[in-house]
Amino acid sequence: MNISPTPRVAVAFLTVASFFCTTRQAVARVGETRDTVERRIMQPNLGKAFFRGKDKDNRDAERERQREERDQPFNETKKFYPPDTAEGVYWKSALANQLSSENGWKVHVFYAGGRSMAEAYQRVGESLNEFEVRALLSANRGASSWKKLSSEGGGTNGIGYDYELEDGSMRAKQKGNWLMIFSTRLDNYVVEQQKVAKEIRDRETELQKKEQQGKAPESVMGF
């Protein structure tokens, strides 16, 4: 299922020129093809594919890995993404012309129909700041503008978001050192899948209650 938007064109509004120049050249953008995303991020001395295996022999490291997974802003809703979703995970240095493994970004990109539909940026080494948030949003705004608002998400309310483009095509949410930008079509798809899952749970709960009701007389017989 192709639910990705058309590619966005970066429009700058940061005055911190050095940071924005690096971000504009290397940041992934919602709506781009996987080849385009990976060419942009995985430039020499700038980015690479990210892999972090499980380390069951190191309990502290494994606990930290599990904690990081729980904190991911897509952790609760990823199971509701389209069945053909593919995930790419990348590392991008925050330092120009230096592939630092300590100061940079861990980026999760979710593809459907061959294009990016959601991108989650985790700042590593330093705290995510407002100027970085603005730069990332700017790279994904096209001809529209972001407005700040709030929708909690969860349950049957989709992913949740703090920002939405005025043209209604994309949304974004910040969670700690994470910023996630995603298409509104994906969010709406998640809402529908959450509703289906809730209906199934409700039916299963009702069947369980009927079964318990039928067994109750036999269970308490003799008291």
Side-chain angles (χ1 to χ4, degrees), residues 1-10 20 22-44 46-53 65 68-94 99-101 104-125 128 132-142 146 153 158-165 169-190 193:
M1 177 180 182
N2 187 353
I3 61 172
S4 54
T6 55
R8 298 271 159 195
V9 179
F20 178 70
T22 302
T23 303
R24 183 178 60 185
Q25 292 174 354
V27 69
R29 298 170 193 175
V30 175
E32 291 184 330
T33 65
R34 185 165 192 157
D35 285 346
T36 301
V37 168
E38 293 185 348
R39 279 200 306 271
R40 189 188 304 280
I41 292 182
M42 297 171 65
Q43 298 177 41
L46 185 62
K48 61 183 179 179
F50 182 91
F51 176 77
R52 180 179 179 181
R65 185 190 66 80
E68 287 183 2
E69 288 186 355
R70 288 193 299 270
D71 289 343
Q72 292 170 344
F74 48 82
N75 187 51
E76 296 298 323
T77 54
K78 185 167 72 168
K79 60 187 175 185
F80 298 113
Y81 290 2
D84 65 337
T85 297
E87 180 181 3
V89 186
Y90 312 95
W91 172 265
K92 193 200 80 66
S93 175
L99 189 55
S100 169
S101 60
W105 302 81
K106 183 182 176 186
V107 185
H108 292 251
V109 182
F110 296 92
Y111 303 94
R115 291 186 178 275
S116 163
M117 60 177 180
E119 300 175 0
Y121 311 86
Q122 181 190 20
R123 189 65 168 93
V124 179
L128 178 65
E132 292 168 329
V133 171
R134 290 179 183 178
L136 290 169
L137 291 175
S138 178
N140 284 275
R141 79 176 192 174
W146 290 97
I159 299 170
Y161 53 94
D162 306 307
Y163 304 89
E164 185 175 36
L165 280 179
S169 64
M170 288 206 292
R171 293 169 176 169
K173 68 181 293 185
Q174 184 177 352
K175 180 182 179 183
N177 281 332
W178 287 88
L179 179 70
M180 183 174 176
I181 303 175
F182 49 95
S183 73
T184 301
R185 293 182 67 186
L186 171 62
D187 201 17
N188 293 338
Y189 181 89
V190 168
Q193 297 306 305

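Below, all heavy atoms of this structure are taken into account, side chains as well, without hydrogens, waters or symmetry copies.
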Checklist entry - Say you draw a straight line from CD1 of I41 to CZ of R29; how long is it, rounded to the nearest 0.5 Å? => result 10.5 Å
Item to check | Set of side chain to side chain donor-acceptor pair (under 3.5 Å) partners for Y161, sequence neighbours left out | outcome: none
Next on the checklist: Check whether W178 forms a cation-pi arrangement with R123 (NZ or CZ under 6.0 Å from the six-membered ring centre, at most 45° off the ring normal).
Outcome noted: no
Item to check | From R171 atom CZ to T184 atom OG1, the distance as rounded to the nearest 0.5 Å | outcome: 4.5 Å
Item to check | Main-chain N/O of D35 paired to E38 side chain as donor or acceptor, under 3.5 Å | outcome: no
Checklist entry - Atom CH2 of W105 and atom CD of Q122: how far apart are they, to the nearest 0.5 Å? => result 10.0 Å
Next on the checklist: To check you understand the geometry: which heavy-atom pair defines the closest contact between K79 and E76, and what is its length?
Outcome noted: CE-O, 3.6 Å
Checklist entry - Taking all non-hydrogen atoms of both residues, which atom of R34 and which atom of Y90 are closest, and how far apart? => result NE-OH, 3.8 Å
Item to check | Shortest non-hydrogen separation from G160 to D187 and the atoms involved | outcome: N-OD1, 4.2 Å
Checklist entry - What pair of heavy atoms forms the shortest contact from F182 to A118, and how long is it? => result CB-CB, 3.7 Å
Checklist entry - Passes side-chain contact (heavy atoms from CB on, under 4.5 Å), I181 versus Y121? Steps please. => result CA-CA 8 Å; I181 303 175; Y121 311 86; 3.9 Å; yes
Item to check | side-chain contact (heavy atoms from CB on, under 4.5 Å) between T85 and M117, worked out | outcome: CA-CA 9 Å; T85 297; M117 60 177 180; 3.2 Å; yes
Item to check | Value rounded to 0.5 Å, distance of CG in L137 from CE in M170 | outcome: 9.0 Å
Item to check | Qualifying residues under side chain to side chain donor-acceptor pair (under 3.5 Å), relative to N75, sequence neighbours excluded | outcome: none
Next on the checklist: Using only atom types and a distance under 3.5 Å, with no angle test, would you say the side chain of N140 pairs donor to acceptor with the backbone of V30?
Outcome noted: yes
Checklist entry - Step by step, would you call I159 with F80 a side-chain contact (heavy atoms from CB on, under 4.5 Å)? => result CA-CA 10 Å; I159 299 170; F80 298 113; over 6 Å; no
Checklist entry - By ring pair (Phe, Tyr, Trp, His ring centres under 6.0 Å), which residues pair with F110, not counting sequence neighbours? => result F74, Y81
Item to check | Atom of P82, atom of L186 and distance for their closest heavy-atom approach | outcome: CD-CD1, 4.0 Å
Checklist entry - Is the number of heavy atoms from other residues, nucleotides or ligands within 6.0 Å of CD (Q174) greater than 12? => result yes
Checklist entry - How many angstroms lie between OH in Y111 and CD in E87, if you round to the nearest 0.5 Å? => result 10.0 Å
Checklist outcome for this item: Heavy-atom closest pair (G176 atom, L128 atom, distance to 0.1 Å) is O-CD2, 4.0 Å
Checklist entry - Atom CG in L179, atom NZ in K173: separation rounded to 0.5 Å? => result 11.0 Å
